[in-house]
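The block underneath contains the structure these notes are about, expressed in structure tokens.
Everything quoted here is computed from the prediction, not taken from an experiment. Order of the sequence lines sets the chain letters (A, B, ...), proteins ahead of strands, with each chain counted from 1.
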2 protein chains.
Amino acid sequence: MNIKEASEKTGVSSAAIRYYEKESLIPAIDRTPVGNRDIDDRIIRRIRFVTQMRAAGMSIENLRRYIQLFDAQEDNTKEQKALLQEQLGVMEEKRDDLQAAIDHLNYKLNHFYDHMESTEEELRALEREHADKVAKQDDTPEDESDHNF
Amino acid sequence: MNIKEASEKTGVSSAAIRYYEKESLIPAIDRTPVGNRDIDDRIIRRIRFVTQMRAAGMSIENLRRYIQLFDAQEDNTKEQKALLQEQLGVMEEKRDDLQAAIDHLNYKLNHFYDHMESTEEELRALEREHADKVAKQDDTPEDESDHNF
DNA sequence: TTACCCCTTGATGTGCACTTTAAGGCAAGG
DNA sequence: CCTTGCCTTAAAGTGCACATCAAGGGGTAA
């Protein structure tokens, strides 16, 4: 598979795939006799992994550190574990920040509807839609925050 | 309160506070007779709101659009609602991506321990620590992904 | 042969969200 | 009077993660 097909398959641009290779986020890719990249499914899976971790906010630098520990087949399990745990911590914090912001916006959204001229049907539909997210912290966020924002 | 104190109170640099004001993420700040910013608690709360939304991944541009709808005290409730819902969608998707990546790394972490020379005590401690996160999707992620990554 | 479409590398450009620098003003302390 | 320490604005610089461009090569089809 050439780089364009790989790009279409993964949704990652050709330039980004080359960039990832240069930055060692994916292993050195095999070349055809004329020097073109010949991309197989193993590379595709790694591109997808990189995409997932990038979407989750992991930096190129952290991702490279993490991946290099795997590519070097030495006994660095302890470091791998430490790196994983570190990254997990970062991501869990990020997730919680995100959840807090979501709760904040949901709170605002609910207060909107109190002042809106929407029909009862619309109101109940939206309440159903957001019921699960509001359930835990229903309508009472932190005291410190400016409820106008 | 001068800008330095506000910076210390919020953890946001003075330059960033000035930048936020210029970008209309916070309202025009009152000045002392000599032209220095005089920051009150209302501004502090807005800075904190901005910080929270930024941490959640909302762009400056989206944040400004959102805030301007509030600063203009017209009847734009519909647009406010639409913008809020749009942003909520973005953030929920982001949160889910993040959770997927966390699950992926937790899966890896668990498989590490199977091959590690750690003591039983360490193992059980870590399992307790991560029990809640693994509970829902215990040990069986998607088939498509490269389990070496 | 020309056109077209794919590819290569290396260099340079881009957008975001700030950070840093430059040049200067005001007020207090020694 | 001079230094210190806060402030101001405008402009330029920075780091990340790519995107785009320039200059060239290969393969196929009309």
Side-chain angles (χ1 to χ4, degrees), chain A residues 1-26 28-40 43-44 46-68 87 90-91 94 97 101, chain B residues 1-26 28-40 43-44 46-68 87 90-91 94 97 101:
Chain A
M1 175 186 346
N2 68 23
I3 200 169
K4 201 187 185 214
E5 289 163 337
S7 169
E8 282 157 5
K9 212 166 180 184
T10 59
V12 176
S13 75
S14 299
I17 293 173
R18 292 194 194 98
Y19 173 73
Y20 288 162
E21 188 189 12
K22 209 164 74 179
E23 295 298 318
S24 304
L25 301 189
I26 53 186
I29 300 173
D30 290 345
R31 305 308 173 105
T32 65
V34 295
N36 291 4
R37 286 173 183 79
D38 186 14
I39 296 175
D40 60 20
I43 302 290
I44 295 291
R46 288 225 187 169
I47 292 171
R48 293 213 167 111
F49 174 76
V50 168
T51 303
Q52 185 179 20
M53 293 303 153
R54 293 283 307 119
M58 194 190 268
S59 70
I60 297 290
E61 171 65 21
N62 270 353
L63 203 39
R64 180 179 34 227
R65 286 202 296 146
Y66 172 70
I67 285 173
Q68 276 174 350
Q87 192 58 41
V90 171
M91 286 164 65
K94 214 159 194 162
D97 285 353
Chain B
M1 174 186 346
N2 67 24
I3 199 169
K4 200 186 186 219
E5 291 163 336
S7 168
E8 282 157 6
K9 214 167 180 184
T10 59
V12 176
S13 76
S14 299
I17 293 173
R18 293 195 194 96
Y19 172 72
Y20 288 162
E21 188 190 12
K22 210 165 74 180
E23 296 298 318
S24 305
L25 301 189
I26 54 187
I29 300 173
D30 289 345
R31 303 308 175 104
T32 66
V34 296
N36 291 4
R37 285 173 184 79
D38 187 14
I39 296 175
D40 60 19
I43 302 291
I44 296 290
R46 288 224 186 169
I47 292 170
R48 293 212 167 111
F49 174 75
V50 167
T51 303
Q52 184 179 23
M53 293 302 154
R54 294 284 306 119
M58 194 189 268
S59 70
I60 298 289
E61 170 64 21
N62 269 354
L63 204 39
R64 180 179 34 226
R65 285 201 298 146
Y66 173 70
I67 285 173
Q68 277 174 351
Q87 193 58 39
V90 170
M91 287 164 66
K94 216 161 191 158
D97 285 353

What is the distance, rounded to the nearest whole Å, between atom [atom1] of [X] and atom [atom2] of [N]?
{"X": "A:Met1", "N": "C:dC6", "atom1": "CE", "atom2": "P", "value": "16 Å"}
{"X": "A:Asn2", "N": "C:dC6", "atom1": "CG", "atom2": "P", "value": "8 Å"}
{"X": "B:Glu21", "N": "D:dC7", "atom1": "CD", "atom2": "C1'", "value": "14 Å"}
{"X": "A:Ile47", "N": "D:dA17", "atom1": "CD1", "atom2": "C1'", "value": "16 Å"}
{"X": "B:Tyr19", "N": "D:dA10", "atom1": "OH", "atom2": "P", "value": "16 Å"}
{"X": "B:Arg18", "N": "D:dA12", "atom1": "CZ", "atom2": "P", "value": "18 Å"}
{"X": "A:Lys22", "N": "D:dA19", "atom1": "NZ", "atom2": "C1'", "value": "12 Å"}
{"X": "B:Glu23", "N": "D:dA10", "atom1": "CD", "atom2": "P", "value": "13 Å"}

Have a look at [X] and say if it touches a base, only the backbone sugar-phosphate, or nothing, with a 4.0 Å heavy-atom cut-off.
{"X": "B:Ala16", "result": "sugar-phosphate"}
{"X": "B:Thr32", "result": "nothing"}
{"X": "B:Ser14", "result": "nothing"}

*About how many Å separate NZ of B:Lys4 and CD of B:Glu8, when rounded to the nearest 0.5 Å?*
5.0 Å

*Hey, could you give me the CG/CG distance between B:Asp40 and B:Asp30, rounded to the nearest 0.5 Å?*
6.5 Å

*Residues B:Lys22, B:Arg18; criterion side chain to side chain contact (heavy atoms under 4.5 Å, CB included); working and verdict*: CA-CA 6 Å; B:Lys22 210 165 74 180; B:Arg18 293 195 194 96; over 6 Å; no

_Basic-acidic side-chain contact under 4.0 Å: A:Arg31, A:Glu21_ = yes

*Which one of B:Arg64, B:Gln52, B:Gln87 satisfies the side chain to side chain contact (heavy atoms under 4.5 Å, CB included) criterion with B:Met58?*
B:Gln87

So, is [X] near the phosphate of [N], with a side-chain N or O under 4.0 Å from OP1 or OP2?
{"X": "B:Ser13", "N": "C:dT19", "answer": "yes"}
{"X": "B:Arg31", "N": "D:dT9", "answer": "yes"}
{"X": "A:Tyr20", "N": "D:dC18", "answer": "yes"}
{"X": "B:Arg37", "N": "D:dT8", "answer": "yes"}

_If you only use heavy atoms from C-beta on, which nucleotide in D:dA17, D:dT8, C:dC18 is closest to the side chain of B:Ile60?_
C:dC18

*asked:* Counting only side-chain heavy atoms from C-beta out, which of D:dG27, C:dT20, D:dC7 sits nearest to B:Ala15?
replied: C:dT20

